[in-house]
Amino acid sequence: MADHALPARRRSPWRPVALAVVGGSVLVAMGAGVWATLSATAANVTPETISSGTLKLTLAANGAGFDQAVANLAPGDTVNRYVDLTSGGSLDAQALTVQVAATGSGALVTDGATTKALRVTVKQCPGTWNTSTGACGGGTATTLLPATALSGLSSAQSLIAGAVPAGSVSHLQVSVQLPDQAETTVNGALPASTIQGLTANLTYTFAETQRSATTTNS
């Protein structure tokens, strides 16, 4: 009996691809089943409102202020100016300072080897200044800055080291003095290094910083 061998069956070239697709589908299905889980979240219904505070400092003349020029100052003279300094923000402040930028005649601005230059003094009244008489009503005036040469005010000087409450108003008297000194004018000629006929221009800058940062539980 003749041996008739059957021809070898040819495999389809697409078979590996089909198997890969089937296998991948099975893995995806298994994976979804493994990682599926319950979950839950919670959130406040009403959003929490956060607002930041403000720090503001404003300067206003109280009667004769800085915008009123001083003329014909003689040695020994003191001229007072009155200003209200308002810490008008919502935040308490601290560390109130003053700095004076001075330009003009050097003899009025810088002492050098002499003590001829202008001096500035700052006082605070707890009540109200009588800007006509210089009297402090409602309490005793406090000297915040003793007489200081302009050269010593080129950097900020402390007026109030502690707290400056929000909304508070500092009633200040700012005095400028030309120190007492002697000069002799001969035959209409001013002496050398005179303090006569000179001019200085002063710009006062008051500053404060915010209160110390805090941590609260309410």
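Just so we're clear, the structure is a prediction, and the values are computed from it rather than from any experiment.
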Checklist entry - In terms of hydrophobic clusters joined by side-chain contacts under 4.5 Å, are Leu57 and Leu91 together? => result no
Checklist entry - Would Thr97 and Glu208 count as a side-chain contact (heavy atoms from CB on, under 4.5 Å) if you check the C-alpha gap in whole Å, the side-chain angles of each, and the deciding distance to 0.1 Å? => result CA-CA 6 Å; Thr97 63; Glu208 63 183 10; over 6 Å; no
Checklist entry - Hey, any chance Val176 and Tyr82 share a hydrophobic cluster, counting ILVMFWY side chains that come within less than 4.5 Å of each other, even indirectly? => result no
Checklist entry - So among Val169, Val164, Leu96, Ile160, which one has a side-chain contact (heavy atoms from CB on, under 4.5 Å) with Leu85? => result Leu96
Item to check | Between CZ on residue Arg211 and CD on residue Gln94, distance to nearest 0.5 Å | outcome: 9.5 Å
Next on the checklist: Looking at every heavy atom in both Asp92 and Leu55, which two are closest together, and how far apart are they?
Outcome noted: O-CD1, 4.1 Å
Checklist entry - Do side-chain atoms of Ser105 reach the backbone of Thr199 as a donor and acceptor pair under 3.5 angstrom? => result yes
Checklist entry - If you measure from OG1 on Thr58 to CG on Asp84, what distance do you get to the nearest 0.5 Å? => result 9.0 Å
Next on the checklist: Evaluate Leu202 against Val109 for side-chain contact (heavy atoms from CB on, under 4.5 Å), listing each step before the verdict.
Outcome noted: CA-CA 9 Å; Leu202 310 184; Val109 174; 5.6 Å; no
Item to check | Closest non-hydrogen atom pair between Ala161 and Ser158, with its separation | outcome: N-OG, 3.8 Å
Next on the checklist: What's the separation between atom CD in Gln173 and atom CH2 in Trp129, rounded to the nearest 0.5 Å?
Outcome noted: 4.0 Å
Next on the checklist: Checking the side chain of Thr86 only, and the main-chain atoms of Gly88 only, is there a donor and an acceptor separated by less than 3.5 Å?
Outcome noted: no
Checklist outcome for this item: OG1 (Thr54) and CD (Gln210) are apart, to the nearest 0.5 Å, by 11.5 Å
Item to check | Over all atoms of both residues, closest heavy-atom pair of Gly139 and Pro126 | outcome: CA-CG, 3.7 Å
Checklist outcome for this item: Shortest non-hydrogen pair, Asn80 vs Thr78, comes out as OD1-CG2, 3.8 Å
Next on the checklist: Please enumerate all residues that pass side chain to side chain contact (heavy atoms under 4.5 Å, CB included) together with Ala64, with sequence neighbours excluded.
Outcome noted: Gln68, Arg81
Item to check | disulfide bond (SG atoms under 2.5 Å apart) pairs, two or more places apart, involving residues 133-215 | outcome: Cys125-Cys136
Item to check | Residue Asn187 excluded, over 12 heavy atoms near CG under 6.0 Å | outcome: no
Checklist entry - Has the side chain of Ser175 got a donor or acceptor atom that lies under 3.5 Å from a matching backbone atom of Val79? => result no
Item to check | Heavy-atom side-chain contact between Leu172 and Val98 under 4.5 Å | outcome: no
Next on the checklist: In the structure I gave you, are the side-chain heavy atoms of Leu190 and Thr185 within less than 4.5 Å of one another anywhere?
Outcome noted: yes
Checklist entry - Got a sec, which pairs hit salt bridge (Lys or Arg N to Asp or Glu O under 4.0 Å) with one end in residues 119-147, sequence neighbours left out? => result Asp111-Arg119
Item to check | Straight-line distance of Asp77 CG to Gln177 CD, nearest 0.5 Å | outcome: 8.5 Å
Item to check | pair Ser87-Lys56: side-chain heavy atoms closer than 4.5 Å | outcome: no
Next on the checklist: My understanding is that only residues two or more places apart in sequence, or in another chain, count here; which of them pass ring-ring contact (aromatic ring centres under 6.0 Å, His included) with Phe206?
Outcome noted: none
Checklist entry - Within a strict 4.5 Å, meaning less than it, do heavy atoms of the Leu118 and Leu73 side chains meet? => result yes
Checklist entry - Tell me, do Val174 and Val120 make a side-chain contact under 4.5 Å, heavy atoms counted? => result yes
Next on the checklist: Restricting to non-hydrogen atoms, name the atom on Pro191 and the atom on Glu183 that form the minimum distance, rounded to 0.1 Å.
Outcome noted: CG-OE1, 3.6 Å
Checklist entry - So, for Pro165 and Ser168, which heavy atoms are closest and what is the spacing to 0.1 Å? => result O-OG, 2.7 Å
Checklist outcome for this item: Rounded to the nearest 0.5 angstrom, the OG1-CG distance for Thr128 and Asn130 is 9.5 Å
Validation: residues 140-156 side-chain donor-acceptor distances under 3.5 Å, sequence neighbours left out:
| unit_1 | atom_1 | unit_2 | atom_2 | d |
| --- | --- | --- | --- | --- |
| Thr148 | OG1 | Pro146 | O | 2.7 |
| Ser154 | OG | Ser151 | O | 3.3 |
| Ser155 | OG | Gln157 | NE2 | 3.3 |

Item to check | Phe66 and Thr203, any side-chain heavy atoms less than 4.5 Å apart | outcome: no
Checklist outcome for this item: residues 175-208 vs disulfide bond (SG atoms under 2.5 Å apart), sequence neighbours excluded, gives none
